[in-house]
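By convention here, the first residue in the shown sequence is residue 1. Every number for a ligand or one of its atoms is a count from 1 in the order of the listing.
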Amino acid sequence: MSNASAASNGVDGSTTKVSRFDPTFTDKVIKTTGPKANPRLAQVMPSLLRHLHDFCRENEITVDEYMAAVNMMNEAGRMSDEKRNEGQLVTDILGLESLVDEITYKLADEAGDAPTATAILGPFWRQDAPRRKMGDSIVSGIKDGDHTLMHGRVLDFDTGKPIENAELDIWHTAPNGLYEQQDPEQPDWNLRGRFTTGPDGEYNFYCLRPTSYPIPYDGPAGKLLTLLDRHPMRPAHIHFIVSAPGYKPIVTQVFDRRDKHIEDDSVFAVKDSLVVDFEPKHGDPKAQFDLQYDFKLASFEAAKQRGMKGATEVAP
Ligand code: BEZ
Ligand code: FE
């Protein structure tokens, strides 16, 4: 690029290359933030503006290209409702949700406070899934699929003791690769449920061994994938939100080791410690596979003693 020749000092103390495209413009925009601005925004905006403006200068973005991006954002907004979150999908294929998940987890890890690894929420969680009894199945109205007994314990990260009254909120796709809200053929709330542990911290429920599926690609996220010559597939996984009174909740997923997309998740969410083995199960007429996994939660109390940022319980 021919546009950088000297350096200047910015209002936030940073040094920027002098560009032939209005070199003082970015500082002018940054300076418009007023003294009563939201403190976090006032902190992060100079950096965001520098990166955005530098990206445009370095790549000599034209008005037509800018309008294509604006139209894509607008199309994502128009497609979004309570059943579809296209804006989030676009950020997912860019790795943004997985990156902020990694940053959040790493901060907890550095404070000595990293229980079970986290993974992105994704756009298909639904609030208020039905509460089910331990040992119930979350499968309804589906004949095909490999039925699985998933079981394990929810444990205190520091003491290793079982956690009573922990809630596991679970969701996964049907064998056709669709979540129930995407598929009029599936009963409402199919393959979703909330389970609460007893004093032994144990949980067990029947589900299906999940299959890999494409993220929705009939909108802007799909168009972007095509333009980038990328596929939309996610490796087979089950989603969880695990929470308990007095503990920091975790959002996570477990991934089937044998899935062919385990190494190339279109939204970059796979972590080694979340990769699991579905074992063949014998003697249970309700399941052909068995999956064992323990979840660990960090208590607010322990986090507070470690001086963790954000170590206060937020009312649900
Ligand atoms: C999901 O796993 O449900 C998901 C995550 C990101 C984008 C699309 C789907
Ligand atoms: Fe998913």
Original post:
If we ignore angles and hydrogens, is there a donor and acceptor under 3.5 Å between the side chains of Asp156 and Tyr247?
Top reply: yes
Subject >> Tyr213 and Leu178, any side-chain heavy atoms less than 4.5 Å apart >> reply: no
**OP:** Identify, by atom number and element, the atoms of ligand 1 in contact range of Leu89, meaning under 4.0 Å from any of its heavy atoms.
**Re:** 7 (C), 8 (C)
Original post:
Ile215 heavy atoms, cut-off 4.0 Å: which ligand 1 atoms fall inside?
Top reply: 7 (C), 8 (C), 9 (C)
**OP:** Measure the distance from atom 2 (O) of ligand 1 to every protein heavy atom, then report the residue, atom name and distance (to 0.1 Å) of the closest one.
**Re:** Arg234 NH1, 2.5 Å
**OP:** Taking atom types as modelled, find out whether His53 and Arg50 have a side-chain donor-acceptor pair closer than 3.5 angstrom.
**Re:** no
Original post:
Which ligand 1 atoms does Gly122 reach within 4.0 Å, using its non-hydrogen atoms?
Top reply: 5 (C)
Original post:
Is the shortest heavy-atom distance from the side chain of Ser80 to the side chain of Arg78 under 4.5 Å?
Top reply: no
Original post:
Taking side chain as C-beta onward, heavy atoms only, is Phe255 less than 4.5 Å from Val276?
Top reply: no
Original post:
Any luck finding a side-chain donor-acceptor pair between Tyr179 and His239 under 3.5 Å?
Top reply: yes
**OP:** Give the numbers and elements of all ligand 1 atoms closer than 4.0 Å to a heavy atom of Pro123.
**Re:** 4 (C), 5 (C), 6 (C), 7 (C), 8 (C), 9 (C)
Original post:
Can Gln88 be said to touch ligand 1, with heavy atoms closer than 4.0 Å?
Top reply: no
Subject >> Ligand-side contact atoms (ligand 1) for residue partner Tyr179, heavy atom cut-off under 4.0 Å >> reply: 1 (C), 2 (O), 3 (O)
Subject >> Stepwise salt bridge (Lys or Arg N to Asp or Glu O under 4.0 Å) check, Asp264 with Arg230 >> reply: CA-CA 10 Å; Asp264 65 346; Arg230 284 175 49 186; over 6 Å; no
Subject >> For Phe124, the ligand 1 atoms whose distance to one of its heavy atoms is below 4.0 Å >> reply: 3 (O), 9 (C)
Original post:
Does some side-chain heavy atom of Leu89 sit less than 4.5 Å from a side-chain heavy atom of Glu86?
Top reply: yes
Subject >> Non-hydrogen side-chain atoms of Phe195 and Asp136 separated by less than 4.5 Å >> reply: yes
Subject >> Pi-cation contact, Trp171 with Arg126 (under 6.0 Å, within 45°) >> reply: no
**OP:** Would you mind reporting whether Val251 and Phe240 have side-chain heavy atoms less than 4.5 Å apart?
**Re:** no
**OP:** Give a yes/no verdict on whether any heavy atom in Glu97 is under 4.0 Å from an atom of ligand 1.
**Re:** no
**OP:** With heavy atoms of Tyr213 as the reference, note each atom of ligand 1 found under 4.0 Å away.
**Re:** 1 (C), 2 (O), 3 (O), 4 (C), 9 (C)
**OP:** Could you list which atoms of ligand 1 come closer than 4.0 Å to a heavy atom of Asp92?
**Re:** 6 (C), 7 (C)
**OP:** Please confirm whether Gln253 comes within less than 3.5 Å of ligand 1 when only nitrogen or oxygen atoms on both sides are compared.
**Re:** no
**OP:** Quick one: name the protein N/O/S atoms under 2.8 Å from the Fe ion (ligand 2), chain by chain.
**Re:** Tyr179 OH, Tyr213 OH, His237 NE2, His239 NE2
Subject >> Under 3.5 Å side-chain donor-acceptor pair for Gln292 and Arg153 >> reply: no
